[in-house]
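Here's the structure we're looking at; comments come further down.
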Amino acid sequence: MKVNLSKDELAEMMRRMIRIRYFEDAAVELHKNGEIRGSLHTSHGQEGEIVGACMALRLDDYMVGNHRSHGHPIGKGAKLRGLMAELLARETGVCRGKGGSMHLADFSVGSLGETSIVGSGIPVAAGAALGAKMQGLDRVSLCFFGDGAAQEGAFHEGINFAAIWQLPAIFLCENNGYAVSTPISKTALVENIADRAAGYGIPGVVVDGQDVIAVHEAVSAAVQRARAGEGPTLIEAKTYRYLDHAANMGRDLKYRTDEEIESWRSSKDPIARFQARMLQDFKFEASEIEAIDAAVKEDVADSVTFAKDSPFPDPAEAWTDVYAPIVA
Ligand SMILES: Cc1ncc(C[n+]2csc(CCOP(=O)(O)OP(=O)(O)O)c2C)c(N)n1
Ligand SMILES: [Mg+2]
């Protein structure tokens, strides 16, 4: 589906991709210093599919992430201060410092949350889509999950449920080729995860995840179908993560070569590719892109200052906001 994007929308695509990249660059540094505790999964290399998908959604549409999900709320339009404060476990974080890197949720942009349980977001997204349908809202629900998650039982149950109820859901598999150190060739015999859509009676689409516009067009078509009451779509974005599975996790496993990583970085980087198109096809001036870049750098630096200046949560409130109140 061809989408006519305005110059402002194209600029916004670039802005959101580099917001993710610089935000995560900063997070990696903070993790190295020991200021961010616990594990940190980054999406360097995957910014194209994240932003292409999120920008096909409305602000009030739902989005569910996974363990590698700093980029998803940023792609959906979240402000950086609350996200960075959450990574640094501060009271001003989007989950008041009690969630951390793997549990960002920002309801103000429809980001329903993330969990570290691989595959668990798929039924949650189906549930959000069911809720929208039952309430007569024309919202859609998009779930990001990895190629590893596509091998979990929750994938089958969540997608089949959404299919039989014709729910307004989009299931977006971020196929980055690996689940930690296990290549997709060892976990699935089908060539494409999207081929499995046929088993649920829904459309399956494969898209180049390094091409932000191609992803945007594929997801826009799925959103249109979903809003029209025609049910879910399974989209597989072929992509790649540049860094280790998580910070300090997996470097010694030697499951992929430096050459492989370098070839994706040098010839398929979603930001560099889109920047080239902005200059050649969309007639941006280099100075316009530089201005976006400089503003994002400032915004990321501001989020770090804000987070560091914020207090930690009061230990007396350890249980506040953790459980939903029981309604009799
Ligand atoms: C149910 C479950 N099984 C195993 C794990 C351990 N684990 C964490 S991330 C991960 C790999 C997930 O791979 P994929 O879904 O491809 O996402 P990616 O990390 O590549 O983005 C695994 C196995 C887990 N957190 N939850
Ligand atoms: Mg993966």
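Atoms within each ligand, like the ligands themselves, are counted from 1 in listed order.
Interface atoms of ligand 1 facing N176, defined by a heavy-atom separation under 4.0 Å, are 18 (P), 20 (O), 21 (O).
For E174, the heavy-atom gap to ligand 1 stays at 4.0 angstrom or more. Using a 4.0 Å cutoff on heavy atoms, E152 counts as a contact of ligand 1.
The pair R21-D25 does not count as a salt bridge, with every side-chain nitrogen at least 4.0 angstrom from each carboxylate oxygen. Ion pair R68/E174 not flagged as a salt bridge, since none of the NZ, NE, NH1 or NH2 atoms sits closer than 4.0 Å to an Asp/Glu carboxylate oxygen.
Taking any N or O of G148, backbone or side chain, at least one lies under 3.5 Å from an N or O belonging to ligand 1. In terms of polar-atom proximity, defined here as any N/O pair under 3.5 Å, A149 does make such a contact with ligand 1.
Rounded to the nearest 0.5 Å, atoms CZ (F145) and CD1 (I122) are 4.5 Å apart. To the nearest 0.5 Å, atom NZ of residue K76 and atom CZ of residue R58 are 9.5 Å apart. Here the OG1 atom belonging to T115 is positioned 6.0 Å from the NE2 atom belonging to H103, to the nearest 0.5 angstrom.
A distance-only check finds a donor-acceptor pair linking the side chain of D61 to the backbone of V140 [under 3.5 Å]. At distances below 3.5 Å, not a single donor-acceptor pair connects side-chain atoms of R16 with backbone N or O atoms of V51.
The Mg ion (ligand 2) sits nearest to atom OD1 when only the N, O or S atoms of D147 are considered.
The closest non-hydrogen atom to atom 17 (O) of ligand 1, taken over H41, M249, H67, R68, comes from H67. For atom 1 (C) of ligand 1, the choice among V118, T42, T115 with the nearest heavy atom turns out to be V118.
Shown here, atom 11 (C) of ligand 1 is in close reach of the protein: a heavy atom of it lies under 4.0 Å off.
Using a 4.0 Å cut-off between heavy atoms, A179 contacts ligand 1 through both its backbone and its side chain. Contact annotation: for D147 versus ligand 1, heavy atoms closer than 4.0 Å belong to both the backbone and the side chain. Only the backbone of Y178 comes within contact range of ligand 1, with a heavy atom under 4.0 Å; no side-chain atom does.
Annotation: cation-pi geometry satisfied between K7 and F284 (NZ/CZ under 6.0 angstrom from ring centroid, within 45° of ring axis).
Scanning the protein for heavy atoms near atom 25 (N) of ligand 1, the closest one is S116 O, 2.7 Å. Of the protein's non-hydrogen atoms, the one nearest atom 23 (C) of ligand 1 is V180 CG2, 4.0 Å.
In summary, N176 places an N/O/S atom under 2.8 Å from the Mg ion (ligand 2), meeting the contact criterion.
Ring geometry for H67 versus H245: interplanar angle of 30 to 60°, hence tilted.
When D208, N192, D211 are each tested for a side-chain hydrogen bond (donor to acceptor under 3.5 Å, both in side chains) with K238, only one passes: N192.
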